A.B. asks: 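Next up is a structure, given as structure tokens.
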Amino acid sequence: MKLPFGSGYFPLRSRIEAKANSGIMLKLKFIALSISTLGFLLFGFYANEARKEVYYLCGNFTKGTAYSSVIRQLNTISLSEYKVENLQQGKRVIHSSALHFHLLSCNIEFNPQEKVVAVSYG
């Protein structure tokens, strides 16, 4: 039995399959690129919100602010975290965000009477 397209029948079929496979690959690449772009946009949004949370809360604290007031305000955070260190000359609160790998932080230092003596952001 003779094939309808002669000996070129099978290469024609493989070219059609290759074209279909390249179309599928193109769609998969587009989907992967779209998901990656959406992920980066979401990360950027939340990272910016965390930066603003640290920055604006840090601006609330001035010399003389009570320790209890600082902790009360820091308990409202959602995208960042803080830790309290006990020092010989008082306490230190470090407020930062994991979304910025703790590179941006607000350092609040207290005297033994639990009043703010220094605030630094950076």
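What's counted below: heavy atoms across the whole structure, side chains too, no hydrogens, waters or symmetry copies. The structure displayed is predicted, hence computed values, not measured ones.
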A.B. asks: To the nearest 0.5 Å, what is the distance between OG on Ser105 and NZ on Lys83?
C.D. replies: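 Output value for this atom pair is 9.5 Å.
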A.B. asks: Answer yes when Lys91 and Glu85 have at least one side-chain N-carboxylate O distance shorter than 4.0 Å, and no when they do not.
C.D. replies: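 No, this pair does not count.
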A.B. asks: If we ignore hydrogens and angles and just use 3.5 Å, is the side chain of Gln89 paired with the main-chain N or O of Pro112 as donor and acceptor?
C.D. replies: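 Flag not set: sc Gln89 to bb Pro112 has no pair under 3.5 Å.
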A.B. asks: Taking atom CD1 of Ile94 and atom CD of Glu109, what is their separation to the nearest 0.5 Å?
C.D. replies: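 Taking CD1 in Ile94 and CD in Glu109, the distance rounds to 9.0 Å.
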A.B. asks: Going through the distances and angles, do His95 and Ser80 end up as a side chain to side chain contact (heavy atoms under 4.5 Å, CB included)?
C.D. replies: CA-CA 7 Å; His95 177 212; Ser80 55; 2.8 Å; yes
A.B. asks: Should Phe45 and Leu42 be counted in the same cluster of Ile, Leu, Val, Met, Phe, Trp and Tyr side chains packed under 4.5 Å apart?
C.D. replies: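 Both belong to a single hydrophobic cluster.
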A.B. asks: So do the side chains of Ile71 and Val84 get within less than 4.5 Å of each other, counting heavy atoms only?
C.D. replies: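 Counting from C-beta outward, Ile71 and Val84 do come under 4.5 Å.
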A.B. asks: Looking just at side-chain N and O atoms, do Asn107 and Tyr121 make a donor-acceptor pair shorter than 3.5 Å?
C.D. replies: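 No - no donor-acceptor pair under 3.5 Å links their side chains.
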A.B. asks: Measure the shortest side-chain to side-chain distance between Leu57 and Ile77 over non-hydrogen atoms and say whether it is less than 4.5 angstrom.
C.D. replies: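 SC-SC contact between Leu57 and Ile77 confirmed.
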A.B. asks: Quick one: does NZ or CZ of Lys115 land under 6.0 Å from the six-membered ring centre of Tyr67, within 45 degrees of the ring axis?
C.D. replies: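 Checked: cation-pi criterion not met.
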A.B. asks: Starting at CZ of Arg51, measure out to CD of Glu49 and round the result to the nearest 0.5 Å.
C.D. replies: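 It is 9.0 Å, given to the nearest 0.5 Å.
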A.B. asks: How long is the gap from CD on Gln73 to CD1 on Ile108, to the nearest 0.5 Å?
C.D. replies: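 Separation between the atoms: 9.0 Å.
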A.B. asks: Is there a side-chain contact between Tyr46 and Leu79 (heavy atoms, below 4.5 Å)?
C.D. replies: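 Yes, at least one pair of side-chain atoms sits under 4.5 Å.
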A.B. asks: Kindly say whether Thr65 contributes a backbone atom to a donor-acceptor pair with the side chain of Ser69 at under 3.5 angstrom?
C.D. replies: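 Checking the backbone N and O of Thr65 against the side chain of Ser69, no donor-acceptor pair under 3.5 Å is found.
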A.B. asks: Supply the atom-to-atom distance Cys106 SG to Phe61 CZ, rounded to the nearest 0.5 angstrom.
C.D. replies: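 Those atoms lie 6.5 Å apart.
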A.B. asks: Given side chains that start at C-beta, do those of Leu74 and Val93 come closer than 4.5 Å, heavy atoms only?
C.D. replies: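 Yes; the side chains approach each other to less than 4.5 Å.
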A.B. asks: Please give me the minimum heavy-atom distance between Ala50 and Ser97, naming the atom from each residue.
C.D. replies: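 Distance-wise, the nearest heavy atoms are CB-OG, 3.3 Å.
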A.B. asks: If you compare all heavy atoms of Leu104 against all heavy atoms of His100, which two are closest, and at what distance to 0.1 Å?
C.D. replies: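 The pair with the smallest heavy-atom distance is CD1-ND1, 4.0 Å.
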A.B. asks: Roughly how far, to the nearest 0.5 Å, is CD1 of Ile31 from CG of Leu26?
C.D. replies: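 Reported value, rounded in 0.5 Å steps: 10.0 Å.
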A.B. asks: Does any part of the side chain of Phe43, heavy atoms only, come nearer than 4.5 Å to the side chain of Leu99, both counted from C-beta?
C.D. replies: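 The answer is yes; the side chains approach within 4.5 Å.
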